[in-house]
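Input: a single structure, listed below in structure tokens.
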There are 2 protein chains.
Amino acid sequence: MTTTTAASRQHTLRERNLRLVARAVFEAPEPPSRADIAAATGLTRATVSTLVDQLVGARLLRELPAVADGRAGRPAVPLVPEGRSMLGLGLEVNVDYLGARAIDLTGATVAERVVPGTFHDSEPAEVLGALGRIARDITRDTHDAGMRLAGARLALPGLVDARAGVLDVAPNLGWSSVEPVPLLALDGLPVEIANEAKLAALAELGGPGFVSADAAVPDSFLYVSGDVGIGAAIVVGRELFLGERGWNGEVGHVVVDPAGPRCSCGARGCLEQFAGKEALAGAAGLPADAPLTDLLALLGPRHTRPVKPLDDGSGRPPAAQAAADAAVRRAGQALGSALADFVNLVDVHTVVLGGIYTDLLPWLRPEVEGVLAERVLAAPFVDLEVRAARAGAQAALTGGAREVLRGVLGDPAAWV
Amino acid sequence: MTTTTAASRQHTLRERNLRLVARAVFEAPEPPSRADIAAATGLTRATVSTLVDQLVGARLLRELPAVADGRAGRPAVPLVPEGRSMLGLGLEVNVDYLGARAIDLTGATVAERVVPGTFHDSEPAEVLGALGRIARDITRDTHDAGMRLAGARLALPGLVDARAGVLDVAPNLGWSSVEPVPLLALDGLPVEIANEAKLAALAELGGPGFVSADAAVPDSFLYVSGDVGIGAAIVVGRELFLGERGWNGEVGHVVVDPAGPRCSCGARGCLEQFAGKEALAGAAGLPADAPLTDLLALLGPRHTRPVKPLDDGSGRPPAAQAAADAAVRRAGQALGSALADFVNLVDVHTVVLGGIYTDLLPWLRPEVEGVLAERVLAAPFVDLEVRAARAGAQAALTGGAREVLRGVLGDPAAWV
DNA sequence: CCTATTTGTTGTACGGATGAACTATCCCTC
DNA sequence: GAGGGATAGTTCATCCGTACAACAAATAGG
């Protein structure tokens, strides 16, 4: 309501109405005609026509062939986002892979490269140099195919100061005080950095301003991603809430039990010590770096949890299964406790679980939902919902690319 | 950045630039001239002149006598907010008082009535009827004096659904599912309701858009108000962050110790059971409804805390002092733990303590700051600050009235 | 074939910001 | 104390983008 504004001139009107028209097309359930847009926005058909013509000229929109729909009158010309024209580029350095993904305005992935690796205690210049080469390949290929790259977002697993463009610290990479953008050496391409969980959260939204065909995507949710550490993002009204610097959502260090084990952060009883990947593996009797599949194997087939850990002929030792079961149960209680605090403090009622929690959700759900129902004050008045993330692998790549395209839609006048 | 927009027409320009000019005057450290505003906003002097003339005509701004400041050139005409013209009205029902306060654009209180009482388990229609009569008195008096009331905000101590205009539940009043606005019977005056802590938080901001003369007021802070319950508000960039429905900031029910005492909410180990007013009094050996002054008397003179609770000749029994001291220390640790979670989750680095914590801060500070430094992940990178609230008595009245005036400043075109 | 209907386009009018020129009022200097 | 320079505020022609109304295009139905 009260956003900071600059002086408004004539062309400000044009910019704002271009955005309005572009959004009307991207958010419509069906490809709208110029007349539909006029009705939806309150602009006149004349104005909409000139604006649409500019957006079509800029190859942000495309006209479909006019089709008679059986009603009287001149048939409408449906408008849709133009594919393979404007692209957003998502980049990511994570502990076990490098990646780049280019997405167009229809939501289609146009180019992608994901390079597995081990970047624990790696050299920033080397790793980012390699990622830069990948990105330049994509830039060249897409440019040769007549597409334009609007910008890039680099996702990093650590404390990111987006405004300063500095990665302050990324424990799992062993990086600190890195300025990553120059190391990518992507001349002429505007690159911004962001925290990995924040961009992964945005991937849960339907697209660059689209209302997803899958109508169940909520406008507001907490995204909580479990791995060795536990990160989170707050999305309200399809916008990231970042606090003062974007260092929010540190749910991994919320107090679960002050008498609990000491955490790597120095404090006691943080959620991470109960529900982090390594803590969970350890409590289940597995090595700290055991892959998630080992734990899932111990837990047995999904959607069933035996009341008693009896030998079911699967070859899993009952004692090991019981330990894994207890560990996941304890993790679920701890996660529920921290999520209850989260919900009580920020008042967002949908929780999307990503990372290892996506696959573990069937086993976690009873404890998480039980604790939430007990501890969330507003529980009697709202529908609390816990769901699994759906953005798939390397969600931050998708989220980053889409965020770039959201920026294009936020100021289409810059591209006409 | 990406707020929802309606169609922009010619008059949209005028509205936006009127707001821009009005804000420039209210936020300037010194009364600016038309030329100053032009320089600050990027508008031309010609445009600023016509806009200022409209705002002066609407009695939102006032010209001071032109004064030669020693420099060459025609002397500038300083512009200031017009006093005793446009008013915002703050209303409040709390457990121990009713109140109404009208504030003008200069920040001056123009009318005020505060009626002490006991509204525990009271009748909504009766109490709100009485408050409505007070408000109508103020409306009549200010109208007769040539002032205009832009609207009113009603502060309530409970879960408020501002959009629906419904108070879902207020435990301390014994109210539930009340629609308070019609019961006030204030015809023609737009009244909105809000949670008491949220409006009290806004009172910490300098005024209706002013940058406070006291430059230390931050743009972003967590406001935590201690009483029987503990409420909070999140302010980022001088705006309230409300989550989905405004039911955020329930810091009183954050987990401090899962082995702790059972809370009135049904869960265990909530902050309220360590740092709520009644819990604190009980732990200090006082009756649950003891006034805060009793506890302060036990604690002895401020800013001194004896290492050993020896008889200092003041007549306070050492054992009672020791109990009070231990209770406050325990409360400080619990409060620090919950605030650390709060800061870790929302990334706001200034905490303003209101309610009983304002007076208790000298004793709470060491434990609170100690726990924050230990538990806040970003502590090495940012300045954490804990400070006392300064808005004074009935802060929600002030905050509500100012919020109305902020609305006027957000759309001055509606008043020209 | 003619009319009703809906879509999209083509003018004209209007509101609001701009920029340059103009007036008003100061300080400073000779 | 007269004139020049400087700064504040106003006036007016111009431009830009949207609204409004009329018109052209393309369909359905009788």
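Within every chain, numbering begins at 1; the chains are lettered A, B, ... in the order of the sequence lines, protein sequences first and strands thereafter.
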Item to check | Distance in Å, B:L60 CG paired with B:E82 CD, rounded so as to fall on 0.5 Å steps | outcome: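 So the gap between those two atoms works out to 9.0 Å.
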
Item to check | Backbone N/O of B:G246 and side chain of A:D347: donor-acceptor pair under 3.5 Å | outcome: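 Side chain of A:D347 to backbone of B:G246, a donor-acceptor pair under 3.5 Å: yes, one is there.
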
Item to check | Donor-acceptor contact below 3.5 Å, side chain A:S49 vs main chain A:A46 | outcome: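 Judged by distance alone, no pair lies under 3.5 Å.
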
Quick one: does [X]'s side chain get under 4.5 Å of [Y]'s, heavy atoms only?
{"X": "A:L43", "Y": "A:L51", "value": "yes"}
{"X": "B:L202", "Y": "B:L199", "value": "yes"}
{"X": "A:L186", "Y": "A:L91", "value": "yes"}

[X] [atom1] - [N] [atom2] separation (whole Å):
{"X": "A:Q54", "N": "D:dT18", "atom1": "CD", "atom2": "P", "answer": "9 Å"}
{"X": "B:L64", "N": "D:dA8", "atom1": "CG", "atom2": "P", "answer": "16 Å"}
{"X": "A:L13", "N": "D:dC15", "atom1": "CG", "atom2": "P", "answer": "18 Å"}
{"X": "B:L18", "N": "C:dG15", "atom1": "CG", "atom2": "P", "answer": "16 Å"}
{"X": "B:D53", "N": "D:dA8", "atom1": "CG", "atom2": "P", "answer": "17 Å"}
{"X": "A:L51", "N": "C:dT9", "atom1": "CG", "atom2": "P", "answer": "12 Å"}
{"X": "B:I37", "N": "D:dT7", "atom1": "CD1", "atom2": "P", "answer": "18 Å"}
{"X": "B:R34", "N": "C:dT23", "atom1": "CZ", "atom2": "P", "answer": "20 Å"}

Has [X] got a side-chain N or O lying under 4.0 Å from the OP1 or OP2 atom of [N]?
{"X": "B:R14", "N": "C:dG15", "result": "no"}
{"X": "B:S49", "N": "D:dT10", "result": "yes"}
{"X": "A:N17", "N": "D:dT18", "result": "yes"}

Checklist entry - Does a side chain donor of either A:D53 or A:T50 reach within less than 3.5 Å of an acceptor in the other side chain? => result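 There is no such pair (donor and acceptor under 3.5 Å, judged by atom type) between the side chains of A:D53 and A:T50.
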
Checklist entry - Where each residue is assigned the nucleotide of DNA chain C containing its nearest heavy atom, which of A:T50 and A:A76 is assigned the position nearer the 5′ end? => result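 The 5'-side residue here is A:A76.
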
Checklist entry - Once each nucleotide of nucleotides 25-30 of chain C is scored for protein heavy atoms under 4.0 Å, what B/S/- sequence comes out, 5' to 3'? => result BBS---

Next on the checklist: Ignoring hydrogens and geometry beyond distance, is the side chain of B:Q10 in donor-acceptor contact with the base of C:dG15 at under 3.5 Å?
Outcome noted: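 Yes, the side chain and the base share a sub-3.5 Å donor-acceptor pair.
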
Item to check | Ionic contact status for B:E204 with B:R402, cut-off 4.0 Å | outcome: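 No salt bridge links B:R402 with B:E204.
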
Next on the checklist: Does A:H143 have more than 12 heavy atoms from other residues, nucleotides or ligands lying within 6.0 Å of its NE2?
Outcome noted: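 For A:H143, atom NE2 is not crowded (no more than 12 foreign heavy atoms under 6.0 Å).
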
Checklist entry - What does B:V77 touch in the nucleic acid at a heavy-atom separation under 4.0 angstrom: a base, only the sugar-phosphate, or nothing? => result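 Counting heavy atoms under 4.0 Å across all strands, the contact made by B:V77 is with sugar-phosphate only.
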
Would you tabulate the pairs of protein nitrogen or oxygen atoms and nucleotide nitrogen or oxygen atoms of nucleotides 19-22 of chain D closer than 3.5 angstrom?
{"residue": "D:dA19", "atom": "OP1", "partner": "B:R9", "partner atom": "NH1", "Å": "2.4"}
{"residue": "D:dA19", "atom": "OP2", "partner": "A:T44", "partner atom": "N", "Å": "3.4"}
{"residue": "D:dA19", "atom": "OP2", "partner": "A:T44", "partner atom": "OG1", "Å": "3.2"}
{"residue": "D:dA19", "atom": "OP2", "partner": "A:T47", "partner atom": "OG1", "Å": "2.8"}

